[in-house]
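To keep things clear, I will list the structure first and then write my remarks on it.
Everything numeric in this text was worked out from a predicted model, so none of it was measured.
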Amino acid sequence: AEAGNRAYLLNVAGLVMACLLILGAIVLLVRRAGELERANADVRELATTLEERVEERTSDLAAANEEIQRFAYIVSHDLRSPLVNIMGFTAELEEAQAVMADYARAEENAVPEEVRSAILTDMPEAMGFIRASTGRMDRLIKAILQISREGRRTLTKDTIDLTAMFNELVDGISVQADAADAQIEIGEFPEVVGDRLAFEQVFGNLLDNAVKYLRRGVPGRISVSGEERGKRIVIRIRDNGRGIAEHDRRRVFELFRRSGDQDKPGEGIGLAHVQALVRRLGGEIHVESELGEGSCFTVTLPLTMATKT
C-alpha cells in the first residue's frame, strides 16, 4: 500500500511538473508571438516608410531628370542659332575668297606674293578649319537635341517579334557587313512587349558598332543570342572585332567619350544614348571585352515593359 501511495504521488508530481512545463511553454509562446507581432508591425511600418521614401526619391529624380533634359534642349536649341550664323557667314567668306582667288590668278603680276599666298593658301585653310569645327559642333548639338527629345518621348507598349526585328536590322546593314566580310548569326527570340522604336535604336546601334569596329583583314563573326530568365530576357551581341581596353570599358557609355583608334566617324554619343534608352525600358547593359579579341554587349530587359515609364 505504501509503495502504491508513493507511485501515486510520483505520478501526481509528474503530472504537476508536466502541467507547469506546458504552462511555461504556453507563456513563452505567447510572449514570443507578441514579440513577433511587434517585430512584424515594425517591419511593416519600416517597409511602408521605405516605400514612401523610394517613391518620393524616384519622383524627385524623375523631376530632376526632366529638368536636365529640358535644360539640354533649350541650351542646344539656342546654341544652334549663332552656329547657323557662323556657318552662313563662312559660306559668304568662301564665295568672296573664290572671287579674290580668281583675280589673284588672273592678275598674277599685279598681286604681291604674300597677298597671293594669303588668298590662295591661308584663307582656304582657315575656312576649312572653321568648317570642320562648326560641322562637329553642329553634329554634337543635333545629338544632344535628339537625346533630349528621346528622353521626353512617351514610350509605347508594342508587341515585338525580336527575331524578325533583328533580321530587319541585319538587312539594313548588309552592305557594310559585306564590305567588312562579316557574317551575322541571329538566334531565335520570343516576343516581348516594349517600345519598338527604342528597341530598334538600341540594337541597331550595337549591331552597327559591331560591324564598324571589326579588325581589318580578319573575317567578321557577329552573333546575336538570347535567353529568358524569369520575367526578363538577356540578349548578347558578340563579335570578334577590335575589343575594348580595360580602362575604357566603363568610359564607352559616357557622353562624348570614345575608345581606341579614332579612325571611324562618330562623336561618342551612340552608346550613351543606348544606355539611356535601356534604362528607360527598365533594363541594364554592360560589356565584356578583350583588346584584339572582341566584345560582348549584354542587354537585360523585361519581357513586358512596365506601364509607368
Checking Asn167 against Asp171: is there a side-chain donor and acceptor pair closer than 3.5 Å?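 Result is no, nothing qualifies.
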
Could you tell me whether the side chains of Thr156 and Asp195 share a donor-acceptor contact shorter than 3.5 Å?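 Short answer, yes.
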
Transitively linked via ILVMFWY side-chain contacts under 4.5 Å: [X] with [Y]?
X: Ile130; Y: Leu93; answer: no
X: Val274; Y: Val234; answer: no
X: Met100; Y: Val115; answer: yes
X: Tyr103; Y: Leu120; answer: yes
X: Val218; Y: Ile222; answer: no

Short side-chain to backbone donor-acceptor contact, [X] and [Y], under 3.5 Å:
X: Asn240; Y: Gly294; answer: no
X: Ser117; Y: Glu113; answer: no
X: Gln97; Y: Ile119; answer: yes
X: Asp181; Y: Pro219; answer: no
X: Thr121; Y: Ala118; answer: no
X: Arg238; Y: Cys296; answer: no
X: Asp158; Y: Ile160; answer: no
X: Lys231; Y: Pro302; answer: no

When rounded to the nearest 0.5 angstrom, what distance separates [atom1] in [X] from [atom2] in [Y]?
X: Glu288; Y: Arg236; atom1: CD; atom2: CZ; value: 8.0 Å
X: Glu191; Y: Leu162; atom1: CD; atom2: CG; value: 8.5 Å
X: Phe203; Y: Leu301; atom1: CZ; atom2: CG; value: 5.0 Å
X: Gln201; Y: Leu281; atom1: CD; atom2: CG; value: 10.0 Å
X: Thr298; Y: Ile235; atom1: OG1; atom2: CD1; value: 10.0 Å
X: Leu214; Y: Asp239; atom1: CG; atom2: CG; value: 6.0 Å

Between [X] and [Y], which heavy-atom pair has the shortest distance, and what is it?
X: Asp208; Y: Gln176; value: OD1-NE2, 4.4 Å
X: Gly243; Y: Leu291; value: O-CD1, 3.8 Å
X: Ala104; Y: Val111; value: CA-CG2, 4.0 Å
X: Ile244; Y: Phe297; value: CD1-CZ, 4.1 Å
X: Leu303; Y: Gly230; value: CD1-O, 3.7 Å
X: Gly187; Y: Thr163; value: O-CG2, 4.0 Å

Using the side-chain contact (heavy atoms from CB on, under 4.5 Å) rule, take Ile237 and Leu207 through it: C-alpha gap first, then chi angles, then the decisive distance, then the call. CA-CA 7 Å; Ile237 297 182; Leu207 284 170; 4.2 Å; yes

Salt bridge or not for [X] and [Y], using N-O below 4.0 Å?
X: Glu185; Y: Arg221; value: no
X: Arg242; Y: Glu293; value: no
X: Glu227; Y: Arg229; value: yes

For Met165 and Glu200, what are the C-alpha separation, side-chain angles and deciding distance, and is it a side-chain contact (heavy atoms from CB on, under 4.5 Å)? CA-CA 7 Å; Met165 183 198 75; Glu200 290 175 349; 4.1 Å; yes

Considering residues, nucleotides and ligands other than Arg131, do more than 12 of their heavy atoms fall under 6.0 Å from its CZ?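 Buried by this count: over 12 neighbours within 6.0 Å.
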
Any chance CE of Met137 has more than 12 other-residue heavy atoms, nucleotides or ligands included, within less than 6.0 Å?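 Check fails, neighbour count at 12 or below.
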
Under 30°, 30 to 60°, or over 60°: which ring-plane class applies to Phe189 and Phe166, parallel, tilted or perpendicular?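 Ring orientation, 0 to 90° scale: tilted.
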
Tell me, do Ile173 and Ile184 make a side-chain contact under 4.5 Å, heavy atoms counted?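 Sidechains of Ile184 and Ile173: in contact.
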
